[in-house]
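Here's the structure, in structure tokens; my notes come after.
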Amino acid sequence: PTSTLRGSAAHIQSLGWEEQDFSDVVVTALGKEYRLHRLVLSRSPYFRALMRGPWADATKTRLTLHFDDGNIDDVAVEASLAFMYGKIPSFTCDSAPRVLAAASFL
């Protein structure tokens, strides 16, 4: 039920995102490394295709993201990745377009 689902979400956010425990993939973006989890990343169509496809990255334990959009910064990438773990981002007028750009990529 709902309380179990909330407990699972809190557990994933706490141990998965905040503590980065049991990580099975390292994602590097804009010079910062994130110890993440393929199962959580599979929420993203981008990561799902990358990790399931015939690409060399599908089986790698380290992935590097490259962005062509100059609006994307490290804060926006972190907010977008954290959202996959259930963390609700806080926005400012300046950060909202940057987070949207990063989230659209992912």
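The structure displayed is predicted, hence computed values, not measured ones. Numbering starts at 1 and runs along the sequence shown.
Between Thr28 and Thr64 there is a side-chain heavy-atom pair separated by less than 4.5 Å. In this structure the side chain of Leu41 reaches within 4.5 angstrom of the side chain of Val27, judged on heavy atoms. A heavy-atom distance below 4.5 Å is found between the side chains of His37 and Tyr85.
Distance alone, capped at 3.5 Å, is enough to place a donor-acceptor pair between the Asp24 side chain and the Arg38 backbone. Put simply, the side chain of Arg43 gets close to the backbone of Met84: a donor and an acceptor are under 3.5 Å apart. Under the 3.5 Å distance criterion, the side-chain polar atoms of Arg98 are left unmatched by any main-chain donor or acceptor of Ile72. The backbone N or O of Ala76 sits less than 3.5 Å from a side-chain atom of Ser80, completing a donor-acceptor pair.
In this structure, Ser95 and Ser90 approach most closely via the heavy-atom pair OG-O, 4.2 Å. Residues Glu78 and Tyr34 approach most closely at OE1-OH, 3.4 Å, considering heavy atoms. Annotation for Leu30 and Asp74: closest pair CD1-N, 3.4 Å, computed over non-hydrogen atoms.
Hydrophobic clustering (side-chain heavy atoms under 4.5 Å, transitive across Ile, Leu, Val, Met, Phe, Trp, Tyr) keeps Leu106 apart from Leu100. Ile12 and Val26 are members of different hydrophobic clusters when ILVMFWY side chains are connected at heavy-atom separations under 4.5 Å. A continuous path of hydrophobic side-chain contacts links Met51 to Val77 [ILVMFWY only; heavy atoms under 4.5 Å]. With hydrophobic clusters built from ILVMFWY side chains whose heavy atoms lie under 4.5 angstrom apart, Leu36 shares a cluster with Phe67. Taken together through direct or relayed side-chain contacts under 4.5 Å among Ile, Leu, Val, Met, Phe, Trp and Tyr, Phe83 and Leu65 form parts of separate hydrophobic clusters.
The list of ring-ring contact (aromatic ring centres under 6.0 Å, His included) pairs with a residue in residues 46-66, not counting sequence neighbours, reads Tyr46-Phe105.
Atom CZ of Arg52 has 12 or fewer heavy atoms from other residues, nucleotides or ligands within 6.0 Å.
Rounding to the nearest 0.5 angstrom, the gap separating the CG atom in Asp73 from the CG atom in Asp94 is 8.0 Å.
For the side chain to side chain donor-acceptor pair (under 3.5 Å) test, residues two or more places apart in sequence or in another chain that qualify with Glu33 are Arg62. Partners of Lys60 under the salt bridge (Lys or Arg N to Asp or Glu O under 4.0 Å) rule, at least two apart in sequence or in another chain, are Asp57.
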